[in-house]
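Nothing fancy with the numbering, it's 1 onward along the sequence. The shown structure was predicted, so the numbers you read here are calculated from the model rather than taken from an experiment.
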Amino acid sequence: THQEIVPSVDADAWDAADAARVPSAIEQAVKAAAPAAEPTLAVTAAPSEPAGENVLQACSKAIADKQKKRILTSCEEAFAANPRAADIAVVLAKIEFDRGRTAQAFEWSKKAIAANPDIADAYVFVGEAEQNAGHKQAAKDAYLHYLRLAPSGRYATDLRAVLRSL
């Protein structure tokens, strides 16, 4: 039986717990340009042109404002400006997953893994997509990969329970 690993939230709202989960690797790139009280994004490699910095700031502001639809648009643009930004891809995967769009979450997770194969959270969404598709072994492999990368991560306890049931 299917067990949801990642709790979903209102598609248009972003609660404080979700905001706190914005990957820390994203939080530094626009720190100097953003007000101190507002969450910001940092990416693996900062964009080399001002336009790239602007889309990254827009993504950061959308997260701070807790508006998922704006996060989708602005963070997709930020990722396009910096396709090595695995953490942005994971944020987008989470949002798509919360919206019930497993295929899109899977695609964003694959992009995150291509940019950084050690980004653990991406494997949760890969596993969930594989599990939903009935691919038990692929789901197990993804969940086990997450646990190798983040044995004490925020999804670790839930994934261990899911693995016992698969």
Side-chain angles (χ1 to χ4, degrees), residues 4-132 142-143 146 149-150 153-156 158-159:
E4 185 175 296
I5 299 161
V6 184
S8 60
V9 296
D10 184 322
D12 296 318
W14 186 276
D15 66 23
D18 285 331
R21 292 180 185 162
V22 175
S24 62
I26 296 179
E27 294 177 350
Q28 296 167 9
V30 295
K31 192 171 192 172
E38 193 174 285
T40 58
L41 293 177
V43 293
T44 308
S48 60
E49 57 189 51
E53 291 174 14
N54 290 339
V55 294
L56 190 57
Q57 288 172 353
C59 177
S60 176
K61 182 162 178 24
I63 290 170
D65 292 345
K66 304 172 185 170
Q67 296 183 354
K68 285 190 176 185
K69 288 182 182 180
R70 270 191 32 226
I71 293 169
L72 280 172
T73 304
S74 59
C75 292
E76 284 175 359
E77 290 175 8
F79 186 82
N82 185 3
R84 294 182 51 212
D87 292 327
I88 291 174
V90 169
V91 167
L92 289 162
K94 167 84 170 103
I95 292 166
E96 292 290 19
F97 180 82
D98 287 348
R99 296 177 77 207
R101 298 172 54 162
T102 307
Q104 290 82 352
F106 181 72
E107 291 303 316
W108 281 112
S109 295
K110 289 192 319 186
K111 290 176 183 181
I113 292 166
N116 178 1
D118 294 330
I119 191 153
D121 286 5
Y123 294 94
V124 174
F125 302 111
V126 169
E128 186 71 19
E130 295 290 8
Q131 187 176 349
N132 287 345
Y143 296 152
Y146 172 89
L149 293 171
R154 68 175 162 243
Y155 302 120
D158 292 335
L159 288 178

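The backbone N or O of Val124 sits nowhere less than 3.5 Å from a side-chain atom of Tyr155 that would complete a donor-acceptor pair.
Between atom CG of residue Asn132 and atom OG1 of residue Thr102 there is a gap of 4.5 Å, rounded to the nearest 0.5 Å. Atom CG of Asp118 is separated from atom CG of Leu149 by 5.5 Å, given to the nearest 0.5 angstrom. Rounded to the nearest 0.5 angstrom, Ile95 CD1 and Glu76 CD are separated by 9.0 Å. Rounded to the nearest 0.5 angstrom, Arg101 CZ and Glu96 CD are separated by 4.0 Å.
Leu92 approaches Ile71 most closely through the heavy-atom pair CD2-O, 4.0 Å. Closest non-hydrogen pair, Ile88 versus Cys75, comes out as CG2-O, 3.4 Å. Across all non-hydrogen atoms, the minimal contact from Phe125 to Ser109 is CB-OG, 3.0 Å. Closest heavy-atom contact between Ala142 and Val126: CB-CG1, 3.9 Å. Closest of all the heavy-atom pairs between Pro83 and Ala80 is CD-O, 3.8 Å.
Phe79 and Trp108 have their aromatic ring centers within a separation under 6.0 angstrom.
In this structure, the side chains of Tyr143 and Glu128 come closer than 4.5 Å at one or more pairs of heavy atoms.
Considering only residues two or more places apart in sequence or on other chains, Tyr123 meets the side-chain hydrogen bond (donor to acceptor under 3.5 Å, both in side chains) condition with His145. Residues that satisfy the side-chain hydrogen bond (donor to acceptor under 3.5 Å, both in side chains) test with Glu107, not counting sequence neighbours, are Lys110. Looking at residues two or more places apart in sequence or on another chain, you find a side-chain hydrogen bond (donor to acceptor under 3.5 Å, both in side chains) between Glu130 and His135.
Of the residues Val91, Val90, Asp98, the one that meets the side chain to side chain contact (heavy atoms under 4.5 Å, CB included) test with Lys94 is Asp98.
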